[in-house]
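Structure, as structure tokens:
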Amino acid sequence: VQLQASGGGLVQTGGSLRLSCVVSGGTSSTYAMGWARHNLGMQREVIAAINWSGSATYYTDSVKGRFFISRDDAKNTVYLQMSSLKPEDTAVYYCAADLRRTVVAGPGYDYWGQGTLVTVSS
């Protein structure tokens with residue numbers, strides 16, 4: 001399975017962006033999905049996750065109330081809506097898929113896509 005993330009870019013503090021992740025070579029409904037980010041000097045961190053059916057989600061504390069993960073399996077796509085962006089949200093964002101189908105809050109996903117860079121200017 002391949003994961004293609006897009007939607008990153010430059011945004012001002014307080015702005016919004018929506019990231020998309022298209023799943024190919026498989027059916028997205030087979031997988032739990034997640035978004036992680038990686039800042040320089042820090043480990044890659046899973047910040048949002050959703051189970052295979054969309055009935056359960058996870059958010060790390062730093063993004064709760066600002067980011068929203070969703071999925072549209074008819075389009076084989078998972079989204080991350082990011083609002084009230086802060087400079088500390090600047091990172092490369094990755095999408096990931098896991099066959100376990102439950103919410104996966106840790107880094108042990110089966111598949112990872114390439115990253116998309118989000119830069120938040122102050």
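FYI, side chains are in, hydrogens and waters are out, and symmetry mates aren't considered; it's all heavy atoms of this structure. For this chain, numbers begin at 1 and follow the sequence in order.
Among pairs with a residue in residues 37-84, none fulfils disulfide bond (SG atoms under 2.5 Å apart), at least two apart in sequence or across chains. Listed by first then second residue, pairs satisfying salt bridge (Lys or Arg N to Asp or Glu O under 4.0 Å) with a partner in residues 106-122 number zero, not counting sequence neighbours. Residue pairs that meet the disulfide bond (SG atoms under 2.5 Å apart) test with at least one member in residues 63-93, sequence neighbours left out, do not exist here. Sorted by first and then second residue, the disulfide bond (SG atoms under 2.5 Å apart) pairs with a member in residues 68-122 read Cys21-Cys95; sequence neighbours excluded. Counting only residues at least two apart or on different chains, the ring-ring contact (aromatic ring centres under 6.0 Å, His included) pairs with a member in residues 53-109 are Tyr109-Trp112.
For Gln114 (side chain) and Ala5 (main-chain N/O), a donor-acceptor pair under 3.5 Å exists by modelled atom type. Not one N or O on the side chain of Thr119 forms a donor-acceptor pair closer than 3.5 Å with the backbone of Thr90.
Here Ser62 pairs with Arg37 under the side-chain hydrogen bond (donor to acceptor under 3.5 Å, both in side chains) rule; sequence neighbours left out. Contacts of Arg100 classified as side-chain hydrogen bond (donor to acceptor under 3.5 Å, both in side chains), with partners at least two apart in sequence or in another chain: Asp98. For Lys75, the side-chain hydrogen bond (donor to acceptor under 3.5 Å, both in side chains) test picks out no residue, with sequence neighbours left out. For Ser28, the side chain to side chain contact (heavy atoms under 4.5 Å, CB included) test picks out Val23, Arg71, Asp73, Asn76, with sequence neighbours left out. Partners of Arg66 under the side chain to side chain contact (heavy atoms under 4.5 Å, CB included) rule, at least two apart in sequence or in another chain, are Val63, Ser84, Lys86, Asp89.
Taking CG of Leu17 as the start and OG of Ser83 as the end, the distance is 9.0 Å to the nearest 0.5 Å. Once rounded to the nearest 0.5 Å, the distance linking CD of Gln81 with CD1 of Ile69 reads 12.0 Å.
Linking ILVMFWY residues whenever their side-chain heavy atoms come closer than 4.5 Å, directly or via other members, leaves Leu19 and Val104 in distinct clusters. Put simply, Val22 and Val92 are part of two different groups of oily side chains (I, L, V, M, F, W, Y) that touch within less than 4.5 Å, one to the next.
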Do any side-chain atoms of residues 8-16 form donor-acceptor pairs under 3.5 angstrom with protein atoms, and if so which ones, sequence neighbours left out?
| unit_1 | atom_1 | unit_2 | atom_2 | d |
| --- | --- | --- | --- | --- |
| Thr13 | OG1 | Ser121 | O | 2.7 |

For residues 46-53, tabulate all N or O donor-acceptor pairs below 3.5 Å that involve a side-chain atom, not counting sequence neighbours.
| unit_1 | atom_1 | unit_2 | atom_2 | d |
| --- | --- | --- | --- | --- |
| Asn51 | OD1 | Gly54 | N | 2.9 |
| Asn51 | OD1 | Ser55 | N | 2.9 |
| Asn51 | OD1 | Ala56 | N | 3.0 |
| Asn51 | ND2 | Ser53 | OG | 3.4 |
| Asn51 | ND2 | Ser55 | OG | 2.9 |
| Ser53 | OG | Ser55 | N | 3.4 |
| Ser53 | OG | Ser55 | OG | 2.9 |

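Contact of the Leu99 side chain with the Thr30 side chain is registered, since non-hydrogen atoms from C-beta on lie closer than 4.5 Å. Using a 4.5 Å cut-off on side-chain heavy atoms (C-beta onward), Asn39 and Glu88 make no contact.
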